[in-house]
Amino acid sequence: MDSSLLVREKKERIYELPALDNVVEGKVVMRIAPGPSGPLHIGHTRVSILNDEYIKRYGGKLIVRYEDTNPEKIEPDAYEMISEDLEWLGVNINETIIQSERFEIYYDYTKKLIEMGKAYVCTCNADHWRELKEQKIACPCHDLPIETQLERYEKLLAGEYDEGEAVAVIKTDLAHPNPAVRDFVALRIVHHPHPRTGTKYIAYPMMNLSVAIDDHLLGMTHVIRGKDHLNNTLRQEYIFDYFGWKKPEYYHYGLVNIPDTVLKTSLIKQSIKAGEYTGWDDVRTGTVRAMERRGIKPEAIRRYWIESGMKSVDIQFSWDNLYGMNRDIIDATSNRYFFVPDPVRYDIEGIDVLKGQAPLHPDHPERGNREYIVDGSKTIFISADDSKTFVETKKIRLKDLCNLDYSTPAKYSGNDVSILKHGVKAIQWVGRNSVKTELLMPDGTILNGLTENAILKEHNNSVQFERLGFVKIEENTPENIRAVFTHR
RNA sequence: GCUCCUGUAGUGUAGCGGCCAAUCAUGAAGCCCUCUCGAGGCUUCGACACGGGUUCAAAUCCCGUCGGGAGCACCA
């Protein structure tokens with residue numbers, strides 16, 4: 001019997017996002033709708049990539065819509081930062097909309113809803129109103145005549161109410177079994193100045209109002225959002241139904257739990273202010289800018305989210321998986337160099353001059369070599385950790401140079417590579433002509449050390465420090481090298 | 001409390017009633033290779049939450065239990 005028949009064929013799996021429903025090729029309109037409270041973080045990249053992938057697949061238009069309807073939570077720089085982040089991610093934006101420029105539109109539609117008897121202006125105490133809702137009871141304002149509602153509405157827009165004194169409310173179904181969808185606020189009063197419109201407006205739309213109106217007006221055909229918006233979708237659908245608008249296809253992906261990462265923009269902002277973080281790109285945060293700084297490629301992030309799909313199950317984000325994908329991308333392009341953290345000096349005796357060479361990349365010899373000449377006092381540095389090993393094992397190999405026996409100074413012990421087979425360790429080293437280097441680690445600490453000077457000719461900013469891991473170079477001068485650790 | 005979403009290996013994912021003694025990636029372990037703790041090659045580990053149904057046949061359909069998550073904001 002032919003045993004090869006028993007071997008199962010290995011299937012390559014192609015990762016593809018699920019097809020969208022009701023697609024008209026070339027006519028798909030989708031949006032990314034960030035609140036400009038800070039730059040994007042890794043969690044935001046999912047919806048960005050998904051939308052971008054679908055528009056690339058079907059053709060159409062991707063709109064970025066800044067949802068700046070809460071003046072108290074706006075970071076004025078965020079608009080610019082978010083657009084930079086999206087560009088870095090490779091997300092192609094066709095149109096940009098800013099909601100704070102569209103308040104009049106929201107006011108008009110709210111007025112129409114009041115005229116239709118589908119909205120009211122409520123002057124009740126907020127807590128009381130909420131309690132009534134919980135008991136499925138209409139507040140006294142709910143059923144006032146439309147004329148009264150309109151009068152109140154004019155007063156609301158004109159600023160005759162103070163904060164908390166009045167809100168415009170969309171009627172849904174007070175008897176709805178789901179308490180989350182019963183009557184929701186559409187407009188509220190805020191006196192806090194808006195970074196873009198100042199004090200021009202005091203009636204601020206709530207997201208369910210502005211989102212529903214804009215999704216319709218901008219012609220959204222498909223909407224992808226996190227599962228946390230499920231109830232908001234239900235609320236927004238009331239507005240669509242009242243106006244008889246065609247609803248987009250909605251998709252809700254599951255929540256992403258991102259472990260060991262600071263994501264909350266308000267916290268990051270606070271830490272920056274306190275001088276604890278160096279900025280929005282501080283490597284201890286999960287911002288897109290921090291990813292970029294650490295040498296994570298946008299292609300890796302994209303692949304990660306495509307492979308994760310769009311299911312509504314809650315998922316656990318895995319840095320290991322992302323690093324694996326990133327390693328796939330940068331390994332071939334990253335040349336190898338020796339970096340020695342916490343250097344310990346050794347002089348070598350027993351030979352006049354040492355020569356050696358190492359490939360820039362072991363899998364790509366055509367790229368050439370790093371050439372080594374060590375003479376004079378034959379001074380080299382190895383890391384404190386390796387030095388400890390040297391003291392213990394009495395024998396070590398300086399990779400691509402020579403073997404050493406322990407003593408002070410160290411003793412040259414030939415250049416027979418085969419000692420590696422007998423358990424001797426090959427370690428990285430640098431000579432006197434090495435460059436002072438700071439390596440920033442993901443926990444914010446700095447590893448000080450020396451890097452071989454061949455790195456000065458490196459143009460690519462992702463390289464691998466042998467036996468340590470991949471790093472991204474931020475500064476590369478004969479005086480100083482600054483690098484950020486990417487991953488192993 | 002009410003409402004909604006959801007349960008396939010450590011993590012993510014494929015599966016859409018028979019092709020499933022369940023895919024792929026990542027991870028972990030081992031071996032080979034390599035002058036890196038990288039890459040590559042090979043091998044191994046590891047999952048259908050549970051209980052009932054329906055059916056000739058269930059990971060796949062139905063019901064229940066249990067578990068995870070979200071919402072019930074004058075935030076987005």
Side-chain angles (χ1 to χ4, degrees), chain A residues 8 10-16 33-37 67-70 72-73 122 124-127 129-130 133-134 136 163-169 176-182 184-190 203-204 206-208 210-211 225-235 252-257 259 303-309 311-325 327-328 330-332 334 336-338 356 358-359 361-364 397-401 403 415-421 424-428 464-470 487-488:
Chain A
R8 264 208 250 158
K10 212 171 199 177
K11 289 172 256 171
E12 267 298 297
R13 236 192 84 202
I14 351 148
Y15 289 91
E16 198 183 30
S37 57
E67 305 202 331
D68 55 348
T69 53
N70 180 3
E72 291 171 45
K73 280 193 184 162
C122 179
C124 298
N125 168 279
D127 295 329
W129 176 74
R130 227 176 286 125
K133 249 191 355 171
E134 231 165 82
K136 307 186 179 180
E163 273 185 28
E165 285 183 359
V167 286
V169 179
H176 200 289
N178 184 349
V181 305
R182 294 175 202 152
F184 61 90
V185 176
L187 289 166
R188 62 170 179 152
I189 291 162
V190 182
Y204 280 82
M206 303 295 289
M207 66 103 94
N208 283 307
S210 52
V211 166
R225 43 170 41 170
K227 217 165 75 170
D228 49 326
H229 285 298
L230 227 35
N231 285 323
N232 287 322
T233 301
L234 295 176
R235 297 200 262 225
H252 299 91
Y253 61 79
L255 256 69
V256 186
N257 186 1
R303 185 179 147 200
Y304 189 94
W305 292 127
I306 290 175
E307 292 193 13
S308 296
K311 298 201 303 188
S312 37
V313 233
D314 298 341
I315 60 171
Q316 197 71 22
F317 183 85
S318 160
W319 288 105
D320 273 346
N321 284 17
L322 179 68
Y323 293 160
M325 295 174 189
R327 198 178 294 117
D328 271 355
I330 64 173
D331 181 64
S334 301
R336 273 51 174 171
Y337 296 97
F338 288 160
H361 194 299
D363 304 331
H364 298 277
R397 170 160 179 81
L398 300 180
K399 187 170 176 281
D400 306 303
L401 191 73
N403 303 331
N415 194 15
D416 180 8
V417 181
S418 71
I419 66 161
L420 296 178
K421 302 224 187 267
V424 175
K425 268 190 156 182
I427 61 167
Q428 79 278 22
Q464 191 207 51
F465 283 166
E466 290 198 39
R467 298 214 306 143
L468 232 124
F470 295 89
H487 48 64
R488 246 181 45 189

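Throughout, a chain's letter reflects where its sequence line sits, starting with A, and its residues are numbered from 1.
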side-chain hydrogen bond (donor to acceptor under 3.5 Å, both in side chains) between Ser318(A) and Asp320(A), intermediate numbers included: CA-CA 5 Å; Ser318(A) 160; Asp320(A) 273 346; 5.2 Å; no
Contact check, side chains of Asn415(A) and Arg397(A), non-hydrogen atoms, under 4.5 Å: yes
Spatial distance of atom CD1 (Ile427(A)) from atom CZ (Phe338(A)) [nearest 0.5 Å]: 9.5 Å
C74(B) phosphate, OP1 or OP2, under 4.0 Å from Arg130(A) side-chain N/O: yes
Check: Arg467(A) side chain, G38(B) base, donor-acceptor under 3.5 Å: no
Atom pair distance, as rounded to whole Å: NE2 in His487(A) and C1' in U26(B): 13 Å
Separation of the C1' atoms in A28(B) and A47(B), to the nearest angstrom: 16 Å
Sugar-phosphate only, base, or nothing, as touched by Asp363(A) at under 4.0 Å among non-hydrogen atoms: base
Earlier contact from the 5' end, RNA chain B, for Asn415(A) and Ala166(A): Asn415(A)
Between A29(B) and C61(B) - P atom distance, rounded Å: 37 Å
Spacing of Phe470(A) atom CZ relative to A39(B) atom P, expressed in whole Å: 7 Å
Separation between OH of Tyr253(A) and NZ of Lys311(A), rounded to the nearest 0.5 Å: 16.0 Å
Between G12(B) (C1') and Tyr323(A) (OH): distance, integer Å: 16 Å
Sugar-phosphate, base or nothing in reach of Gly309(A), heavy atoms under 4.0 Å: nothing
Closest non-hydrogen atom pair between Arg182(A) and Glu134(A), with its separation: NH1-O, 3.2 Å
Sugar-phosphate, base or nothing in reach of Val185(A), heavy atoms under 4.0 Å: sugar-phosphate
Output one line per pair: protein atom, nucleotide atom from nucleotides 1-7 of chain B, and distance, for all N/O pairs under 3.5 Å.
unit_1: C2(B); atom_1: O2'; unit_2: Pro177(A); atom_2: O; d: 2.8
unit_1: U3(B); atom_1: O2'; unit_2: Asn178(A); atom_2: ND2; d: 2.7
unit_1: C5(B); atom_1: O2; unit_2: Lys227(A); atom_2: NZ; d: 3.1

Closest non-hydrogen atom pair between Leu401(A) and Gly356(A), with its separation: CD1-N, 4.0 Å
Shortest non-hydrogen contact between Asp416(A) and Asn403(A), atoms and distance: O-ND2, 3.0 Å
Ile189(A) vs Glu165(A), side chain to side chain contact (heavy atoms under 4.5 Å, CB included): CA-CA, chis, key distance, verdict: CA-CA 8 Å; Ile189(A) 291 162; Glu165(A) 285 183 359; 5.6 Å; no
Between P of A25(B) and CD of Glu16(A), the distance in whole Å: 18 Å
Rounded C1' spacing from A14(B) to U55(B) in Å: 25 Å
Between NE2 on residue His487(A) and CD1 on residue Ile330(A), distance to nearest 0.5 Å: 4.0 Å
Pairwise C1' distance, A39(B) and C33(B) [rounded to whole Å]: 11 Å
Contact check, side chains of Val167(A) and Trp129(A), non-hydrogen atoms, under 4.5 Å: no
Sugar-phosphate, base or nothing in reach of Met325(A), heavy atoms under 4.0 Å: nothing
Close side-chain approach of Arg467(A) to Lys399(A), heavy-atom, < 4.5 Å: no
Nearest-0.5 Å distance that lies between atom CE in Met207(A) and atom CZ in Arg235(A): 8.5 Å
Under-4.0 Å side-chain N/O to phosphate OP1/OP2 contact, Arg336(A) with C37(B): no
Touch class at under 4.0 angstrom, heavy-atom based, for Asn232(A) against every strand present: base
Aromatic ring pairing Trp319(A)/Phe317(A), orientation class (parallel under 30°, perpendicular over 60°, tilted between): perpendicular
Sugar-phosphate, base or nothing in reach of Arg303(A), heavy atoms under 4.0 Å: sugar-phosphate
Closest to the Val417(A) side chain, choosing from G12(B), C35(B), G38(B): C35(B)
Value in whole Å for how far the P atom of U13(B) lies from CG of Leu322(A): 15 Å
P atoms of A49(B) and A22(B), separation to the nearest Å: 15 Å
Closest to the His229(A) side chain, choosing from A76(B), C35(B), C37(B): A76(B)
Side-chain donor/acceptor contact of Gln464(A) with base of U36(B) under 3.5 Å: yes
Touch class at under 4.0 angstrom, heavy-atom based, for Thr69(A) against every strand present: sugar-phosphate
Between C1' of C74(B) and CH2 of Trp129(A), the distance in whole Å: 8 Å
Exercise: identify the closest heavy-atom pair between Ser210(A) and Thr69(A): OG-CG2, 4.1 Å
Euclidean distance for C1', G15(B) against A25(B) (whole angstrom): 16 Å
Approximate separation, where rounding is to 0.5 Å, of Cys122(A) SG and Asn125(A) CG: 9.0 Å
Rounded distance (Å) that lies between atom P of C74(B) and atom CD1 of Ile189(A): 14 Å
5' priority, RNA chain B, between Leu398(A) and Asp331(A) [closest heavy atom]: Leu398(A)
Same-atom distance (C1') from A9(B) to C4(B), integer angstrom: 29 Å
Polar atoms only, N or O, under 3.5 Å: list the protein pairs with nucleotides 9-11 of chain B and their distances.
unit_1: U11(B); atom_1: O2'; unit_2: Gln316(A); atom_2: O; d: 3.4
unit_1: U11(B); atom_1: O2; unit_2: Asn321(A); atom_2: ND2; d: 3.0

Sugar-phosphate, base or nothing in reach of Arg488(A), heavy atoms under 4.0 Å: sugar-phosphate
Donor-acceptor pair under 3.5 Å, Tyr15(A) side chain vs C24(B) base: yes
Which nucleotides of RNA chain B pair, in dot-bracket form (Watson-Crick or G-U under 3.5 Å, | meaning another strand): (((((((..(((.....[.....)))((((((.......))))))...(((((..]....))))))))))))....
Euclidean distance, atom CZ of residue Arg327(A) to atom P of U36(B) [Å, nearest integer]: 16 Å
Pairwise C1' distance, A59(B) and G17(B) [rounded to whole Å]: 10 Å
